[in-house]
Amino acid sequence: MTRIVTSDEFVTLILAALKLRYRNVALLDADLDHGLQEAYFDLSLAQHGLNVASNFTFFPDPLHGNSAKLRRAILWARDRGFLEASQDRQGTKYQVTMSDQLARRFLAEPATGIEFLNRVAAHCFPTFQNAEAAV
């Protein structure tokens, strides 16, 4: 049976994968948006093989340059304590504040499969390609 993946669930799973893959994950707003949009594109291509269906899109609005659904999912994650936003000279920076324990719980049986999430974490967030791996 095909499982529905929501935008909130998808963002949470990506954050959990990043948290367990890299130490001290912090992303600028534009990098987070871009990475999640790329991850959504990968999901849309892999849905059939993963036996999942998304009930959302992260395609950017041409007028505003971002996706309202993506912004809401990021705010949802922030409101639950999975992300913390701060401002600096470069703009808004998001720190993944989800605990390792909670990340492991989310990734215990993800709808998309752990292999997909690990691939997306490495492919869609190249900022961390040379980062120190989490222990």
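Every heavy atom of this structure was used, including side-chain atoms; hydrogens, water molecules and symmetry mates were not.
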*With salt bridge (charged side-chain N to carboxylate O under 4.0 Å, His left out) as the test, would you mind laying out the steps for Arg72 and Asp8 before giving the verdict?*
CA-CA 8 Å; Arg72 282 192 293 273; Asp8 296 339; over 6 Å; no
_For Leu43 and Leu50: C-alpha separation, side-chain torsions, deciding distance, then whether side chain to side chain contact (heavy atoms under 4.5 Å, CB included) applies._
CA-CA 9 Å; Leu43 176 66; Leu50 295 172; 4.2 Å; yes
*Step by step, would you call Phe116 with Leu13 a side chain to side chain contact (heavy atoms under 4.5 Å, CB included)?*
CA-CA 10 Å; Phe116 171 80; Leu13 290 173; over 6 Å; no
*Test ring pair (Phe, Tyr, Trp, His ring centres under 6.0 Å) applied to Tyr40 and Phe59, step by step*: CA-CA 9 Å; Tyr40 169 75; Phe59 295 122; 5.4 Å; yes
*For Asp100 and Lys19, run side chain to side chain contact (heavy atoms under 4.5 Å, CB included): C-alpha distance rounded to whole Å, both residues' side-chain angles, the deciding distance at 0.1 Å, then the answer.*
CA-CA 7 Å; Asp100 287 355; Lys19 175 67 176 182; 3.1 Å; yes
*Begin from the C-alpha positions of Met98 and Phe106 and carry the test side chain to side chain contact (heavy atoms under 4.5 Å, CB included) through to its verdict.*
CA-CA 10 Å; Met98 179 187 298; Phe106 284 131; 3.9 Å; yes
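Side chain of Arg105 to backbone of Gln101: no donor-acceptor contact under 3.5 angstrom is found. Asn51 contributes a side-chain N or O that, together with a main-chain N or O of Met1, makes up a donor-acceptor pair within less than 3.5 Å. The main-chain N or O of Ala85 is never found under 3.5 Å from a side-chain atom of Gln95 such that the two would form a donor-acceptor pair. Judged by distance alone, with hydrogens and angles left aside, the side-chain atoms of Asp88 form a donor-acceptor pair with the main-chain N or O of Gly91 at under 3.5 Å.
Rounding to the nearest 0.5 Å gives a distance of 13.0 Å between OG1 of Thr97 and CZ of Arg80.
Using bins of under 30°, 30° to 60° and over 60° for the plane-to-plane angle, the ring pair Phe56/Phe10 lands in the tilted bin.
Side chains of Lys69 and Thr57 form no contact here, defined as non-hydrogen atoms less than 4.5 Å apart.
Hydrophobic clustering of Ile, Leu, Val, Met, Phe, Trp and Tyr side chains at less than 4.5 Å, counting indirect connections, keeps Leu15 apart from Phe41.
Of all heavy-atom pairs between Thr12 and Trp76, the closest is OG1-CZ3, 3.1 Å. Closest heavy-atom contact between Ile14 and Val120: CD1-CG1, 3.5 Å.
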